[in-house]
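The next block holds one structure in the form of structure tokens; read it before the comments.
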Amino acid sequence: MGSVFVVGIGPGDRQGFTAQAMAALERAEVLCGYTGYVELAAPLYPEKEVYATPMKQEIARCRWALETAQGGRTVAMLCSGDAGIYGMASPLLEVAPQFPGVEIEVVPGVTAALSGGAVLGAPLGHDFCVISLSDLLTPWEQIARRLTCAAQGDFSICLYNPASQKRKDHLRRACDILLAYREKDTVCGWVRSIGRAGQTRRLLTLEELRESAVDMFTTVFVGASTTRKIGQWMVTPRGYRRG
Ligand code: SAH
């Protein structure tokens with residue numbers, strides 16, 4: 001019986017791989033995952049067999065990995081960032097009971113909230129939450145409710161999937177919800193293509209964020225009421241008391 005590693009490979013290039021992720025990829029005989037991520041890692045391991053599939057075939061990909069492992073092979077399933085955050089770890093673990101005996105290891109990676117946060121400075125220095133604006137698997141009403149709660153709770157908010165090819169106005173709609181509870185000049189930022197060629201970043205106000213055209217390769221940060229712009233950095237202080 002073989003095993004499946006579900007591996008977060010970080011935001012982009014090899015520098016973002018953890019040593020644990022590299023060790024898992026080295027041990028694997030077969031690399032599989034969404035074409036874009038497999039293409040990032042496969043050139044580093046030219047001797048490995050590669051099975052790349054397009055987006056939106058998650059369950060089929062999990063079954064393929066588990067079946068291949070049942071056949072005695074070691075498979076690494078690649079995800080960008082962290083495997084457990086809007087990644088393949090949950091669908092794999094949900095399907096896995098149908099493939100008894102296959103060993104599974106979840107290998108964490110650097111998620112976009114962390115790699116993008118570092119590009120902007122320290123936007124997540126105090127309590128924060130992560131919300132995906134994708135309504136592919138979540139009804140918009142639930143996303144809107146979570147945005148409202150996060151705004152009321154004065155969390156720093158990190159937004160994943162701020163736009164999709166089909167829906168361009170999710171960020172604008174999210175900002176409208178946040179603006180009901182947060183100041184217009186709340187410090188915000190976004191980072192596009194973190195750790196990849198053409199990485200770009202911008203600091204802006206919540207009002208300006210509402211007018212921003214961002215794409216699906218962007219991670220957005222909305223500050224808490226305490227978040228400040230210090231020079232080029234977005235900084236959420238760790239506490240409310242000043243020493
Ligand atoms: N598992 C991934 C998240 C997948 S959801 C992780 O932990 O990072 C896809 C969303 O993640 C994108 O829409 C974007 O908001 C964010 N994202 C992932 N990689 C990114 C990168 N290199 N640059 C900017 N945003 C990224």
Side-chain angles (χ1 to χ4, degrees), residues 5-18 20-21 24-25 32-41 53-58 61-62 65 76-94 106-121 123-124 128-138 140 143 146-147 150 156-175 188-204 209 212-222 234:
F5 292 103
V6 49
V7 185
I9 61 167
D13 67 6
R14 190 184 185 140
Q15 279 197 320
F17 288 28
T18 64
Q20 192 185 353
L25 296 184
C32 75
Y34 163 58
T35 318
Y37 310 143
V38 170
E39 278 167 4
L40 284 174
T53 51
M55 203 90 90
K56 293 189 192 149
Q57 293 185 9
E58 282 83 4
R61 201 186 303 153
C62 291
M77 178 177 275
L78 277 58
C79 302
S80 76
D82 180 75
I85 299 182
Y86 313 123
M88 295 299 294
S90 0
L92 188 88
L93 292 171
E94 285 174 287
V106 182
V107 180
V110 182
T111 190
L114 306 186
S115 53
V119 173
L120 293 178
L124 310 179
F128 69 94
C129 63
V130 171
I131 300 176
S132 166
L133 298 189
S134 168
D135 60 358
L136 273 183
L137 303 172
T138 310
W140 179 260
I143 298 169
R146 288 184 175 164
L147 287 165
S156 294
I157 306 168
C158 180
L159 299 173
Y160 284 49
N161 298 301
S164 66
Q165 254 137 16
K166 268 197 258 155
R167 302 295 308 252
K168 303 274 182 216
D169 66 338
H170 280 180
L171 183 59
R172 175 186 288 256
R173 290 162 73 195
C175 288
C188 299
W190 55 251
V191 191
R192 181 173 197 278
S193 292
I194 304 160
R196 302 186 188 176
Q199 174 181 294
T200 30
R201 52 159 263 164
R202 190 167 161 215
L203 292 191
L204 67 184
L209 183 65
S212 284
V214 296
D215 62 18
M216 61 199 280
F217 305 108
T218 307
T219 300
V220 173
F221 297 79
V222 177
M234 177 175 178

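A quick note: this is a predicted structure, and the numbers were derived from the prediction, not measured. In each ligand, atom 1 is the first atom listed, and ligand 1 is the first ligand listed.
Of the listed residues (I194, V119, L114, V191), just one forms a side-chain contact (heavy atoms from CB on, under 4.5 Å) with P11, and that residue is I194.
Atom 7 (O) of ligand 1 has as its closest protein heavy atom T111 OG1, 2.6 Å. Of all protein heavy atoms, the one lying nearest to atom 10 (C) of ligand 1 is N161 OD1, 3.6 Å. Scanning all protein heavy atoms for the shortest distance to atom 13 (O) of ligand 1 gives M216 O, 2.6 Å. What sits closest to atom 4 (C) of ligand 1 on the protein, heavy atoms only, is Y86 O, 3.7 Å. With respect to atom 2 (C) of ligand 1, the closest heavy atom belonging to the protein is S80 O, 3.2 Å. Nearest to atom 26 (C) of ligand 1 among the protein's heavy atoms is T219 OG1, 3.4 Å. Scanning the protein heavy atoms around atom 23 (N) of ligand 1, the nearest turns out to be I194 N, 2.9 Å. When only non-hydrogen protein atoms are considered, atom 8 (O) of ligand 1 lies nearest to A112 N, 3.0 Å.
The heavy-atom pair separating P123 from G117 by the smallest distance is CD-O, 3.2 Å. Summarising the geometry of T18 relative to P108, their closest heavy-atom pair is OG1-O, 3.9 Å, with the distance given to 0.1 Å. Heavy atoms only, all atoms of each residue included: H170 and L133 are closest at ND1-O, 2.8 Å. For the pair R202 and S212, the tightest heavy-atom approach, listed with the atom from each and the gap, is NH1-OG, 4.4 Å. Here the shortest heavy-atom pairing between D82 and G109 reads OD1-N, 3.0 Å. The two residues M234 and L203 come nearest to each other via the heavy atoms CB-CD2, 3.7 Å.
Those atoms of ligand 1 that come under 4.0 Å of a heavy atom in I85, given as number and element, are 1 (N), 2 (C), 3 (C), 7 (O). Residue contact check: S193 has heavy atoms under 4.0 Å from atoms 23 (N), 24 (C) of ligand 1. Contact atoms of ligand 1 toward F217: 23 (N), 24 (C), 25 (N) (distance under 4.0 Å to a heavy atom of the residue). Listed by number with element, the atoms of ligand 1 under 4.0 angstrom from any heavy atom of R196 are 22 (N).
Annotation: side chain of L93 is not in contact with side chain of V6 (no heavy-atom distance under 4.5 Å).
Enclosure of atom CZ in R146 is not indicated, since only 12 or fewer non-hydrogen atoms of other residues, nucleotides or ligands lie within 6.0 angstrom.
Residue V191 has no nitrogen or oxygen atom sitting less than 3.5 Å from a nitrogen or oxygen atom of ligand 1, judged on distance alone. Annotation: Y160 places no N or O atom under 3.5 Å from an N or O atom of ligand 1; distance criterion only. Backbone and side-chain nitrogen or oxygen atoms of V110 are examined, and none is located within less than 3.5 angstrom of a nitrogen or oxygen of ligand 1.
For T111 and Y160, the side-chain atoms include at least one donor-acceptor pair closer than 3.5 Å.
At a 4.0 Å heavy-atom cut-off, ligand 1 touches T218 through the backbone alone. The residue C79 has no part lying near ligand 1, judged by heavy-atom distances below 4.0 Å.
Going from atom CG of L204 over to atom SG of C188 covers 6.0 Å, rounded to the nearest 0.5 Å.
The closest approach between a heavy atom of P162 and any atom of ligand 1 is below 4.0 Å.
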